[in-house]
Visitor: 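Pasting a structure below so you can have a look.
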Amino acid sequence: MENLVAYSLVAVYSAMGVYTIAFVLFTIDLATRSAASTDAARVAPAQVAPASSLTAEAAAGSARGGTSTIERTTTARASGTPVDAPIGATRFQKVAVALAALGWLLHLAAVLTRGIAAERVPWANMFEFGLTATALGMGTFLGALLWKDIRYLGAYITGFSLLALGIVTTNFYVDVVPTPPPLQSGWLVIHVLVATLATGFFAIGAGLSIMQLLRSRAAASKAEGLRFVQTLPGASALESLAYRVNVVGFVFWTFTLIAGAIWAERAWGRYWGWDTKEVWTFIIWTLFAGYIHARATRGWRGDRSAWLAIIGFSAVIFNYTVVNLFFKGLHSYSGL
Amino acid sequence: MEPLRPSDHIDADALAAEQREAAIDARAAADGADGGDARGASAPIAQPSLGPVGWLRFAWRQLTSMRTALVLLLLLAVAAIPGSLVPQRSADPNGVSQYRVDNPELFDVLDALQVFDTYTSVWFSAIYLLLFVSLIGCIIPRTLHHARALRSAPPKTPARLNRLVGYRATDAPGDVETALEAARAELRRRRYRVERYGDSLSAERGYLRETGNLIFHMALVGVLATIGFAGGFGYNGQKVIVQGETFVNQLGSYDSFNPGRFFDDALLDPYGVRLDDFEAEYGLDTTTGQVQPLDFTASMTVVENGREAQRTLKVNDPLTVGGTNLYLLGNGFAPEITVRDGDGDIVFSEAVPFLPQDANLTSIGVIKVPDGLEEQLGMIGFFYPSAIQLESRALSSVYPEPDQPVLTFNAFTGDLGLNDGVPRNAYALDTDGLTQIAGREAPADPLVIGLGQTAELPDGLGSVEFSGLQRFVSVDVHHDPTQTGVLISALLVLGGLVVSLFVPRRRLWVVATATDDGVRLEYAGLARGDDPGLEAAVADLADAHSQRLAPTLET
Ligand code: HEM
């Protein structure tokens with residue numbers, strides 16, 4: 001068992017090494033894309049022109065509003081013009097994705113060996129939660145690639161995971177210790193797992209919202225700025241994508257909230273007591289409910305709703321770090 | 001029929017236009033009425049005067065707008081923050097007292113602002129009450145509207161489909177009738193509601209989306225209403241039960257008790273529970289050398305309606321009896337102490353709960369012997385379950401199990417103040433005005449007594465025997481009639497949410513026009529709300545329809 005704990009750490013460090021290379025390559029890719037984007041900008045209209053008349057009709061229809069804008073993207077792609085990645089994937093990007101996947105396998109191995117060594121789920125203290133949450137976040141990102149080309153988020157996601165792993169291994173590390181009685185419950189498995197999944201979705205959603213802000217800023221100012229931004233999908237396509245990712249996160253978060261209340265009722269004798277952790281879970285839930293309304297409110301769609309998604313995700317991070325470490329409450333399970 | 005949306009909803013363009021027109025009509029009518037008024041002066045057109053009713057309607061529309069809901073939601077999130085920064089009276093009363101000691105000036109300001117009661121404060125309540133008024137104001141018209149929409153046919157086919165999503169046109173053999181019949185079958189199979197207008201079909205699906213959205217919002221009201229109403233009938237209390245003792249669920253037997261607003265004694269179901277045995281399991285963390293609790297089990301006997309039953313109570317596993325839940329909150333040791341007077345007659349014999357102070361259960365307790373001795377006797381004691389002597393000669397406990405149980409006492413004599421009617425905390429001894437007779441600041445050393453041993457009090461006052469050792473548990477007794485209602489509402493919230501977010505509500509249209517050698521078919525769709533799959537749905541319908549119309553071409 002001692003050995004397994006050590007192997008788990010070796011796997012974490014290896015994963016971090018591989019992620020680092022992936023991160024560098026993703027960043028180089030963004031940099032070279034910006035170099036290429038100037039050329040692509042000249043080529044792109046020529047590519048669109050020969051598309052069928054159907055595309056032109058759909059594009060005319062799409063001038064009407066947000067929902068149909070994504071449709072244009074799909075139509076355009078169906079007719080052979082990959083608007084999602086106008087200049088195609090660079091070599092760097094392909095290697096980076098492969099490395100991210102490799103790093104993730106190592107990461108997953110670290111999570112599994114930790115769980116086997118502890119003879120329980122590997123998310124009972126802050127170190128383990130950070131380890132597992134980043135693994136699920138990376139997994140969600142890699143899984144999402146099968147559904148949609150969001151490789152432009154690679155630098156953000158690998159950078160973020162790397163930072164989080166660095167912090168948890170150096171500052172939050174604790175050895176495997178037995179679980180205290182309040183944590184010995186099936187709800188630990190389900191409540192924390194779903195919270196972790198929600199965090200993964202919110203992380204990707206926030207990444208998309210950041211890209212959306214960069215994109216709309218670039219469109220508004222016409223200034224050079226970060227040139228890779230020109231190669232991203234349009235702001236409203238990014239917004240729809242972010243929304244779809246965030247609402248999945250929101251459903252998971254709602255479940256987390258309810259499961260947490262049921263567990264609290266079992267463990268502490270009341271389902272809701274405005275404990276600090278409960279308060280922040282509620283705040284996050286309310287912020288994302290606000291985000292959903294913002295997207296449905298005239299005058300709030302676009303940049304403002306993107307900011308709300310980013311603020312919501314920041315609150316998730318705050319809840320995990322500052323609230324766990326510095327706020328007094330019943331949820332004192334950081335293990336530190 | 002469009003789902004009804006607040007006027008500033010992103011989908012509400014058409015609705016808003018309609019309402020604007022309606023508003024102009026209403027104003028015209030009002031102006032007309034003004035014209036007939038004795039004062040006769042009609043208001044300038046640029047500044048229409050709103051009567052009181054108009055103002056109310058205006059205010060109501062503002063309150064039930066999307067923007068208001070949004071701002072109130074964000075305000076609620078912000079208003080919840082202070083309660084996580086300072087201790088709350090409801091959850092941590094000691095923390096609040098400590099805050100007062102640490103920051104006396106800031107305390108007064110924050111207290112005046114009700115920050116120590118954030119979640120019941122006027123400002124927090126105002127925000128959520130406004131939010132729920134807005135919510136109800138939003139739900140009612142939408143529910144009525146939706147109930148009507150559920151019974152009406154899909155709307156007329158728009159004149160020009162090519163401005164809509166996923167438009168496509170194809171030519172097919174056959175005539176208009178067969179083409180539309182096939183399209184109808186295909187739409188029905190996809191569970192669309194279909195209506196024919198001329199040579200076109202109008203189809204709609206996903207009414208469930210709006211149903212889910214309404215259920216979601218109604219269930220939120222359900223949560224609040226259940227807590228507001230049923231919560232008043234609840235109660236909770238705390239009780240320390242020593243091994244061998246029986247707790248009876250009556251008002252007088254609680255150590256502390258918090259009734260709800262509508263509480264009444266009749267709500268207490270008079271059952272009894274006895275603590276028979278308590279077992280704790282510990283593990284040693286080899287790296288830190290610290291003791292970790294692994295498991296606590298209290299074996300109880302429940303007496304209800306004259307019947308006895310054996311039950312166990314554990315940390316994550318409350319005991320349900322008589323409409324209440326009992327939760328295991330804490331545990332500790334209750335040494336049995338027997339005090340005798342100078343003649344050897346027993347004047348006090350009780351198992352006294354000692355409150356644990358650390359992981360190895362070093363515990364503090366207080367003994368008060370008001371009668372039977374020459375003077376009233378008060379003792380403050382430490383209990384060490386597994387005592388060792390440190391180099392400093394002080395005692396310390398090294399393990400939370402009673403391997404080497406030792407009690408030490410500082411003893412005081414004087415007036416314990418038990419007779420002056422002021423309620424006294426059983427776990428504290430006010431030593432002001434008392435004389436220390438044994439202890440660090442007294443001529444005699446503190447009493448140190450092992451299990452089964454007896455120590456003499458100074459000056460022949462009497463003796464103290466550590467005659468036995470029991471365990472105790474502290475339990476929280478809860479009667480919470482909101483639980484079921486809130487749980488059901490919460491599950492409806494979740495279910496409604498999933499349905500409302502993931503069921504697409506969409507319309508599809510098929511228009512057939514006869515051509516020289518067959519029929520020209522046009523397809524298009526329209527989404528209500530976020531619907532990334534609409535494009536594919538139109539294409540899918542068109543493909544399936546073509547296959548139906550030309551089955552022979554397939555082979
Ligand atoms: C306690 C306060 C509220 C909360 C927590 C809340 C939460 C939510 C959530 C999570 C959604 C998305 C799920 C769904 O579509 O069912 C939603 C949608 C919606 N809410 Fe609320 N809501 C609240 C109050 C209100 C109020 C007061 C209004 C009316 C002004 C309102 C109008 C709407 C509408 C129209 C939608 C559909 C949005 C769309 O078309 O995308 N909500 N709400």
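Naming: A, B, ... by sequence-line order, numbering from 1 per chain.
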Visitor: Taking the side chain as every heavy atom from C-beta outward, state whether A/Trp272 and B/Val486 have any atom pair closer than 4.5 Å.
Guide: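 Of all side-chain heavy-atom pairs linking B/Val486 with A/Trp272, none is under 4.5 Å.
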Visitor: What heavy-atom pair brings B/Ala80 and A/Val279 nearest, and what distance separates the two atoms?
Guide: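 Smallest interatomic distance, heavy atoms only, reads O-CG1, 3.4 Å.
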Visitor: Taking all atoms of both residues into account, what is the closest heavy-atom pair of A/Leu308 and B/Leu74, and its distance?
Guide: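 Heavy atoms of A/Leu308 and B/Leu74 come nearest at CD2-CD2, 3.7 Å.
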Visitor: Are the side chains of B/Phe502 and A/Arg244 in contact, using a 4.5 Å heavy-atom criterion?
Guide: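 Contact flag for A/Arg244/B/Phe502 side chains = no.
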Visitor: Check A/His293 against B/Met66 and note the closest heavy-atom contact, atom names and distance.
Guide: CD2-CE, 3.5 Å
Visitor: How far does OG1 of A/Thr286 sit from OH of B/Tyr128, to the nearest 0.5 angstrom?
Guide: 13.5 Å
Visitor: Classify the ring geometry of B/Tyr119 against A/Trp274: parallel below 30°, tilted from 30° to 60°, perpendicular beyond 60°.
Guide: parallel
Visitor: Measure across A/Val251 and B/Leu494 and return the closest heavy-atom pair with its distance rounded to 0.1 Å.
Guide: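 Between these two residues, the closest heavy atoms are O-CD1, 4.0 Å.
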Visitor: Do B/Leu487 and A/Tyr271 make a side-chain contact, defined as non-hydrogen atoms from C-beta onward lying under 4.5 Å apart?
Guide: no
Visitor: What part of A/Trp187 gets closer than 4.5 Å to chain B, counting heavy atoms only: side chain, backbone, both or neither?
Guide: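 Looking at A/Trp187, nothing touches chain B.
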Visitor: For B/Leu70 and A/Ala294, which heavy atoms make the closest approach, and how far apart are they?
Guide: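 Closest heavy-atom pair between B/Leu70 and A/Ala294: CD2-CA, 3.8 Å.
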Visitor: Donor-acceptor pair, A/Arg298 side chain versus B/His9 backbone, under 3.5 Å?
Guide: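 Checking the backbone N and O of B/His9 against the side chain of A/Arg298, a donor-acceptor pair under 3.5 Å is found.
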Visitor: Sort B/Phe216 into side chain, backbone, both or neither according to what part of it lies under 4.5 angstrom from a heavy atom of chain A.
Guide: side chain
Visitor: Find out whether A/Tyr243 and B/Leu501 are in side-chain contact, i.e. whether some heavy atom of one side chain is under 4.5 Å from a heavy atom of the other.
Guide: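 Yes, side chains in contact.
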Visitor: Is it the case that the side chains of B/Gln88 and A/Asp275 hold a donor-acceptor pair, with the cut-off being a distance below 3.5 Å and no angle test?
Guide: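 Checked: A/Asp275/B/Gln88 side chains show no N/O donor-acceptor pair below 3.5 Å.
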Visitor: For A/Ile262, is it the side chain, the backbone, both, or neither that has a heavy atom closer than 4.5 Å to a heavy atom of chain B?
Guide: side chain
